[in-house]
Amino acid sequence: MGRAEDEVVTLTSELIQIDSQNTGELETTTGEAEAAAYVDAKLREVGYETEVVESGAPGRHNVFARLKGADPDRPALLVHGHLDVVPFNEAEWSVHPLSGSVQDGYVWGRGAVDMKDMDAMILALARQFMAEGTVPPRDIVFAFLADEEAGGAYGAHWLAEHRPDLFEGCTEALGEVGGFSLTLGEDVRVYPVMTAEKSIAWMKLRVRSRPGHGSMIHDENAVTILAEAVARLGRHRFPLVLSESVQGFFDEITALTGIEFPTDSAAALDGAVAKLGGVARVVGATTRDTANPTMLQAGYKANVIPSVAEATIDCRVLPGRQEAFERELDELLGPDVEREWIRNLEAVETSFDGELVDVITRAVQEEDPQAHTLPYMMSGGTDAKAFVKLGMRCFGFAPLRLPPDLDFTALFHGIDERVPVDALQFGTRVLERILRSC
């Protein structure tokens with residue numbers, strides 16, 4: 001067992017024990033600075049010259065280190081992870097979310113899956129390479145980032161805008177979310193490589209109307225108008241649209257398993273996707289745009305009809321669909337509903353090809369001869385959206401070989417988040433192969 005493989009479990013556990021919950025509010029988000037200080041100390045301990053950068057607000061700390069490669073003329077590779085995690089309700093967990101407990105063959109706690117496990121793999125390998133004098137084929141920029149869980153305004157997007165020098169020479173990036181194994185049937189194991197992401201588009205709806213007394217007949221109630229529009233939108237099914245990444249995913253699954261994915265019927269396609277098990281909830285969301293109501297705000301007293309009612313909608317739009325999506329929105333909402341984007345990060349997509357994809361495929365197959373790689377689209381979003389703006393091709397691959405019966409996608413932001421110890425060690429070996437030959 002190599003140094004990195006030997007210490008990755010400890011690093012994961014210790015990172016989880018640092019409370020870096022991201023509430024989305026500046027005044028209540030804490031812990032990213034502590035997590036960054038931990039990473040910075042671990043890197044400096046083995047000889048890195050690091051740079052800790054505060055990204056636009058107090059305490060939003062990021063850590064950068066560059067490992068020089070053998071060929072300075074080759075473009076650099078960015079390897080990135082985020083140090084923040086989503087909040088949790090301790091009462092819902094069977095193990096304390098900040099325990100980092102290692103038990104029953106798993107490391108438990110918030111961030112075990114998203115994404116302190118990958119942070120620990122990156123950190124362990126960065127430490128091993130420096131300690132052993134490893135020189136990779138090209139420069140590798142290691143980045144540990146803030147604020148991903150709230151969209152990256154005080155993390156990757158701020159850095160891309162204000163400190164592009166930190167990413168000098170990087171033309172490709174490797175980060176989350178992909179690389180976790182899916183077992184199909186008895187002996188088909190696939191490791192998806194994330195090549196595309198839907199947009200993150202949070203929208204505010206607003207209806208303004210005449211206020212009045214709650215005891216009287218009132219035909220222009222802002223709450224009623226808004227509620228009807230929100231219900232129409234929430235129940236609407238947007239049309240099937242298969243991007244290159246999603247079609248590639250289906251084609252590979254068909255070749256490996258014989259499962260057909262008919263596109264002439266939404267019901268038939270949804271039925272075929274359901275055969276994929278737990279990952280179906282992710283894959284199904286990448287076949288169409290979605291718009292899910294998440295928040296409602298109206299009124300201030302039981303007997304007062306308010307003049308304004310508002311709703312927040314979480315929209316996720318496929319690559320190339322933004323204009324068509326907005327036209328469909330306006331038809332559904334009608335003329336009485338105002339809308340504005342409060343966060344709109346565009347969808348991204350790259351092709352499933354190139355030397356880095358080949359290296360990823362070889363690396364995972366050398367550790368798992370039954371492995372197959374294939375492209376897929378993420379229904380959410382990552383810091384890749386910021387790095388695409390700097391001209392990088394972005395891939396998500398955090399390798400983990402998982403038990404076939406583990407519903408892994410349910411653990412993202414879920415209760416009792418945990419990662420298998422042997423999967424962490426497997427992933428460290430795969431990532432080491434990738435970085436040694438990238």
Side-chain angles (χ1 to χ4, degrees), residues 24 148-153 157 194 196-210 219-247 263-270 273 280-299 305-349 376-382 384-386 388-389 413:
E148 191 275 344
E149 294 293 2
H157 288 275
M194 199 262 295
E197 300 177 0
K198 297 175 80 175
S199 74
I200 300 176
W202 297 334
M203 179 173 63
K204 181 76 75 176
L205 302 183
R206 186 177 295 108
V207 173
R208 306 176 192 271
S209 193
R210 179 170 54 88
D219 295 328
E220 300 174 12
N221 190 319
V223 176
T224 302
I225 297 169
L226 179 71
E228 290 172 341
V230 169
R232 287 195 301 273
L233 183 57
R235 294 192 182 101
H236 182 68
R237 296 280 276 180
F238 288 87
L240 291 176
V241 178
L242 300 188
S243 73
E244 179 182 341
S245 296
V246 174
Q247 187 63 64
T263 58
D264 55 344
S265 162
L269 180 60
D270 290 345
V273 170
R281 66 173 63 89
V282 176
V283 175
T286 64
T287 62
R288 53 174 61 83
D289 305 322
T290 58
N292 287 312
T294 55
M295 299 171 68
L296 292 168
Q297 306 91 23
I305 296 171
S307 60
V308 178
E310 296 181 332
T312 303
I313 314 295
D314 185 348
C315 304
R316 306 296 173 123
V317 185
L318 295 166
R321 273 278 301 171
Q322 188 68 29
E323 290 186 11
F325 177 78
E326 293 194 29
R327 286 196 299 270
E328 203 162 342
L329 276 181
D330 291 337
E331 292 174 5
L332 286 164
L333 295 174
D336 297 324
V337 181
E338 304 171 12
R339 65 173 177 83
E340 64 172 315
W341 296 114
I342 55 178
R343 189 77 168 141
N344 195 358
L345 303 176
E346 294 181 358
V348 298
E349 186 167 29
Y376 95 111
M377 178 185 293
M378 187 185 173
S379 59
T382 75
K385 295 185 187 304
V388 165
K389 294 178 181 179
H413 298 186

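The figures here come from the full heavy-atom set of this structure, side chains too, leaving out hydrogens, waters and symmetry mates. Numbers here simply count residues along the sequence, with the first being 1. Source: prediction; values computed, not measured.
In this structure, R232 CZ and L333 CG are separated by 7.0 Å, a value rounded to the nearest 0.5 Å. To the nearest 0.5 Å, atoms CG (L205) and CG (D336) are separated by 12.5 Å. Rounding to the nearest 0.5 Å places CG of L226 at 11.0 Å from CD of E338. Once rounded to the nearest 0.5 Å, the distance linking OG of S243 with CD of E349 reads 4.0 Å. Rounded to the nearest 0.5 Å, atoms CZ (R210) and CG (D219) are 8.0 Å apart. Interatomic distance, CZ of R237 versus OG1 of T290, reported as 10.0 Å (0.5 Å rounding).
Of the possible donor and acceptor atoms, one in the side chain of D289 sits under 3.5 Å from a partner among the backbone N and O of L318. Between the side chain of R208 and the backbone N or O of S307, no donor-acceptor pair lies under 3.5 Å. Between the side chain of R343 and the backbone N or O of G151 there is at least one donor-acceptor pair closer than 3.5 Å. E197 places a side-chain N or O within donor-acceptor distance of the main-chain N or O of T382, the cut-off being under 3.5 Å. With K198 contributing its side chain and R288 its backbone, the two residues share a donor-acceptor pair below 3.5 Å. Remark: the backbone N or O of G152 is not paired with any side-chain donor or acceptor of K385 at under 3.5 angstrom. Judged by distance alone, with hydrogens and angles left aside, the side-chain atoms of S209 form a donor-acceptor pair with the main-chain N or O of E220 at under 3.5 Å. Between the T312 side chain and the T294 main chain, no donor and acceptor come within less than 3.5 Å of each other.
Residues R339 and I313 are not in side-chain contact: their nearest non-hydrogen atoms beyond the backbone lie 4.5 Å or more apart. The shortest side-chain heavy-atom distance between V317 and E326 does not fall under the 4.5 Å cut-off. In this structure, the side chains of M295 and W202 stay at 4.5 Å or more apart for every pair of heavy atoms. Under the 4.5 Å side-chain criterion, counting only non-hydrogen atoms from C-beta, I305 is not in contact with V223. Taking the side chain as every heavy atom from C-beta outward, K204 and Q297 approach each other to under 4.5 Å.
G284 and V273 get closest at one heavy-atom pair: N-CG1, 3.8 Å. Looking at every heavy atom in both residues, C315 comes nearest to M203 through SG-CE, 3.8 Å. Closest of all the heavy-atom pairs between A298 and A309 is CB-CB, 3.7 Å. Residues A285 and S379 approach most closely at CB-CB, 3.7 Å, considering heavy atoms. Heavy-atom minimum distance, T286 versus V283: OG1-O, 2.6 Å. When every heavy atom of V282 is checked against every heavy atom of M377, the shortest pair comes out as CG1-O, 4.3 Å.
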**Message:** side-chain contact (heavy atoms from CB on, under 4.5 Å), that's the test. Do R206 and V337 meet it? Break it down for me.
**Reply:** CA-CA 6 Å; R206 186 177 295 108; V337 181; over 6 Å; no
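Enclosure of atom CD in E340 by more than 12 non-hydrogen atoms of other residues, nucleotides or ligands within 6.0 angstrom is indicated.
Ion pairing of E346 with K389 is absent here, as no side-chain N (NZ or NE/NH1/NH2) approaches a carboxylate O to less than 4.0 Å.
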